[in-house]
Number of protein chains: 2
Amino acid sequence: MTVHDFLPRPLALVMVGKPARGKSYTARKLSRYLSWTGYRARVFNVGSYRRHLLGPGQDHSFFDPRNEEGLKARQRMAEAAMDDLVRWTRDGGEVAIYDATNSTRSRRAWVAEELGRHGIDCVFVELFTEDQSIIDANIRQTKLSSPDYRTYDPDQALKDFRTRVAHYESVYEPLTDESLSFIRVLDAGRSLYANRLDGYLPTALAQFLLNLHLGKRSLYLSRHGESLYNVEGRIGGDSALSPRGEAYAVSLDQFLRNALPTDDVRLWTSTLRRTQQTARHLPWKSTAWRPLDEIEAGVCNNLTYQEIAERMPDEYAARKADKLRYRYPRGESYEDVISRVTPVILELERQTGPVVIIAHQAILRALYAYFHGEAATAVPHLSIPLHTVIQLTPTAYGCDEVRTALPPNPKAHFTAGI
Amino acid sequence: MTVHDFLPRPLALVMVGKPARGKSYTARKLSRYLSWTGYRARVFNVGSYRRHLLGPGQDHSFFDPRNEEGLKARQRMAEAAMDDLVRWTRDGGEVAIYDATNSTRSRRAWVAEELGRHGIDCVFVELFTEDQSIIDANIRQTKLSSPDYRTYDPDQALKDFRTRVAHYESVYEPLTDESLSFIRVLDAGRSLYANRLDGYLPTALAQFLLNLHLGKRSLYLSRHGESLYNVEGRIGGDSALSPRGEAYAVSLDQFLRNALPTDDVRLWTSTLRRTQQTARHLPWKSTAWRPLDEIEAGVCNNLTYQEIAERMPDEYAARKADKLRYRYPRGESYEDVISRVTPVILELERQTGPVVIIAHQAILRALYAYFHGEAATAVPHLSIPLHTVIQLTPTAYGCDEVRTALPPNPKAHFTAGI
């Protein structure tokens with residue numbers, strides 16, 4: 001969690017690309033990933049400055065490069081956003097993301113100069129594609145629900161937006177200056193070109209961008225069904241499911257087969273038997289992954305919270321005082337779990353189809369927090385109850401969520417072992 | 001340390017490139033980094049099969065594409081290496097690096113087919129440059145000390161080698177098939193193109209390759225001078241230097257100014273005062289980095305080993321039994337340190353000039369182990385004494401080392417505080 005000490009100066013990631021290439025979505029994902037790994041990060045979206053200062057709903061002519069008033073106004077917006085960015089880095093901001101089309105060499109030169117003047121490192125991130133299916137998918141997912149089109153009829157909105165894009169076609173100058181530091185993402189992540197990246201963080205972000213894609217897909221998170229240790233109130237261990245837990249496994253199977261009538265599903269469990277038992281009716285091949293194992297309770301393994309409070313009152317109190325950083329003796333802290341789960345997050349970002357994860361409370365708290373952009377301090381207290389499926393669908397603007405509590409299937413009360 | 005669970009199938013990295021592009025050096029660095037992060041990795045160097053089976057010292061005509069016998073022999077070598085690679089993955093090997101020029105499409109097609117047949121994922125790693133200074137530097141650093149040229153006069157060796165390279169010029173077909181998974185490294189890391197990378201590990205390796213360079217530079221590792229806690233035999237804490245430690249700081253300064261009569265030196269310390277005090281006479285700007293702080297001793301902080309043995313005999317015994325994985329209560333294990341120090345290693349690989357690191361015993365054990373390719377189990381026992389500068393110079397074939405014990409400067413016995 002201290003890797004962010006490797007930032008000698010503030011860094012600005014400068015988005016570059018025609019409209020509907022996924023810049024704002026990518027900017028937000030970068031910001032969330034940076035916050036997740038411990039950096040103070042923020043997106044400065046020039047379009048929102050326009051909407052804020054001039055109101056939403058400019059039609060496409062505002063963006064016509066022959067429209068002098070429009071040009072001047074857009075320059076002022078770019079400057080306003082840049083001023084805020086600079087001020088924010090002086091107040092301790094670490095990684096700023098300057099989100100606009102930045103489509104001409106002269107605009108990029110101005111950006112680089114401003115940042116350089118204020119001692120802020122600059123890496124351009126160009127999202128380049130001419131694949132119409134990618135562009136259309138982006139338009140559908142993001143633009144038509146943008147505040148700019150709230151008052152528009154959908155067909156009218158599409159038409160206006162396509163004309164806006166056309167204005168940029170005539171002025172767009174791709175990023176070819178090999179003296180600049182940049183990352184070019186092609187066709188939404190199929191390939192990536194990195195040039196003159198300087199520093200640990202830009203290379204880590206190149207790795208993140210290689211795993212990111214723009215498609216929409218759902219993750220289904222569930223804890224294992226009730227385990228024998230849950231019944232006794234014990235933590236840790238590797239106990240089997242209780243009868244209620246087994247019944248949940250049946251309910252879960254019915255629910256997921258209905259939600260995902262397809263073969264193309266990734267199913268991940270931990271290496272502990274209670275998650276594997278919970279998954280055993282599901283029709284998809286499951287992969288057991290150690291990074292999904294529950295928080296390691298060390299010397300507190302197999303104890304109840306009451307036993308801990310009685311036998312190790314100092315440990316009990318220390319955990320209550322700082323549940324994020326408290327580490328079980330010979331065990332882990334929530335911070336360790338957050339760190340451990342980062343490769344899982346990269347793997348999740350890579351998936352283009354639905355993913356079902358059957359894991360444990362601490363692990364799912366961490367994953368949930370990442371997708372919702374929750375702060376690390378909130379993680380140990382998030383509500384992830386037993387016998388509930390949480391469906392997360394990351395969108396352009398955040399993360400949709402649907403929770404379904406599944407009562408253990410009453411027809412399935414039996415003690416079938418494995 | 002369990003991130004390597006994310007390897008569903010064995011992976012083969014297939015080097016591609018003309019001679020003297022740094023393939024074998026890069027293959028070895030990849031192998032070391034993979035081992036470091038917990039994978040079972042191994043390099044299969046086709047050239048060494050040739051040398052082993054046919055003896056070293058083939059002259060350039062062996063590599064002439066018009067030499068039928070030579071072609072057949074080289075195909076046999078490629079097959080022998082591939083057979084061993086496949087067998088090794090069946091015995092549990094995880095990441096194999098198939099190191100040869102692999103310069104034609106047909107050869108690469110054969111490689112991809114063989115690997116696919118055995119269920120091994122395939123990522124090509126092409127090292128591409130036409131920059132003669134890079135090529136010549138590689139030739140000087142690696143080729144002329146190769147076993148192939150042991151009996152040659154240096155000028156003769158260079159001439160023969162250049163003719164060998166010329167044979168490859170005529171047959172080399174750059175990697176352009178966009179349906180393949182590949183990473184192309186250009187001009188020794190200035191830029192990188194990644195295509196269709198599938199999986200967490202290949203993207204992590206892309207990040208590593210972005211930080212790697214081929215130049216030769218030295219690292220100077222030193223512990224802080226003797227601290228007040230060292231004198232008392234206490235661990236942890238944030239004590240100041242003892243008089244002997246202060247004297248070491250003076251000796252260190254004299255030694256390093258002599259060894260590095262240049263401004264272009266990176267100087268890194270930990271955030272603990274004993275390393276910063278040790279660095280205070282040095283003429284270069286120093287950066288304090290938390291990942292370089294000593295192993296966190298948790299509840300054992302500020303105790304002597306004797307006090308630990310008396311008050312916490314179980315802890316004392318547990319540490320002796322498994323010093324690598326043993327974690328101080330509320331503290332760290334050597335495994336944690338190895339993990340924590342990985343971003344430092346990436347930063348170190350990036351540096352093209354000399355680096356001076358003033359840190360602590362556990363941290364330096366970890367760094368030392370990485371550069372020498374030591375196993376993780378050896379780390380907690382490596383010898384890193386006080387008042388000694390260890391100069392490491394990674395080379396094409398390993399890591400040169402020079403240790404200099406610096407007696408604390410007798411003229412400098414004084415208790416000057418900061």
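Values reported hereafter were calculated over all heavy atoms of this structure, with side chains retained and with hydrogens, waters and symmetry mates removed.
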> Is it the side chain or the backbone of B/A194 that comes within 4.5 Å of chain A heavy atoms, both, or neither?
Replying inline: both

>> Could you check whether B/E332 pairs with B/R340 (Lys NZ or Arg NE/NH1/NH2 to Asp/Glu carboxylate O, under 4.0 Å)?
In response: yes

>> Under 4.5 Å from any heavy atom of chain B, what part of A/A204 do you find: side chain, backbone, both or neither?
In response: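 Both parts, backbone and side chain.
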
>> Tell me which of these, A/E178, A/E315, A/R350, A/R325, has more heavy-atom pairs under 4.5 Å with chain B than the rest.
In response: A/R350

> Between B/D131 and B/T129, does any side-chain donor sit less than 3.5 Å from a side-chain acceptor?
Replying inline: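 No donor-acceptor contact under 3.5 Å links the two side chains.
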
>> If you define the side chain from C-beta out and look only at heavy atoms, does anything of A/E335 sit under 4.5 Å from A/Y326?
In response: no

> Can B/K29 and B/E349 be said to form a salt bridge (charged side-chain N to carboxylate O under 4.0 Å, His left out), step by step?
Replying inline: CA-CA 10 Å; B/K29 295 290 277 188; B/E349 290 292 6; 2.8 Å; yes

> Which answer fits A/Y328, side chain, backbone, both or neither, if we ask what part of it has an atom under 4.5 Å from a heavy atom of chain B?
Replying inline: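 For A/Y328, neither part sits under 4.5 Å from chain B.
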
> Is the closest side-chain donor-acceptor distance between B/D336 and B/S339 under 3.5 Å?
Replying inline: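 On atom types as modelled, these side chains do not qualify, holding no pair under 3.5 Å.
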
> Considering heavy atoms only, which positions within residues 182-193 of chain A lie below 4.5 Å of chain B?
Replying inline: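 If one takes a 4.5 Å heavy-atom cut-off, the residues of residues 182-193 of chain A near chain B are A/L186, A/R190, A/S191, A/L192, A/Y193.
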
> Do B/D121 and B/D198 touch side chain to side chain, with heavy atoms closer than 4.5 Å?
Replying inline: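 Side-chain contact under 4.5 Å: no.
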
> Out of A/Y370, A/F371, A/F208, which residue meets the ring-ring contact (aromatic ring centres under 6.0 Å, His included) rule with A/W36?
Replying inline: A/Y370

> Among B/T342, B/L197, B/T203, who wins on heavy-atom pairs under 4.5 Å with chain A?
Replying inline: B/T203

> Taking the six-membered ring for Trp, are A/H224 and A/H360 parallel (under 30°), tilted (30 to 60°) or perpendicular (over 60°)?
Replying inline: tilted

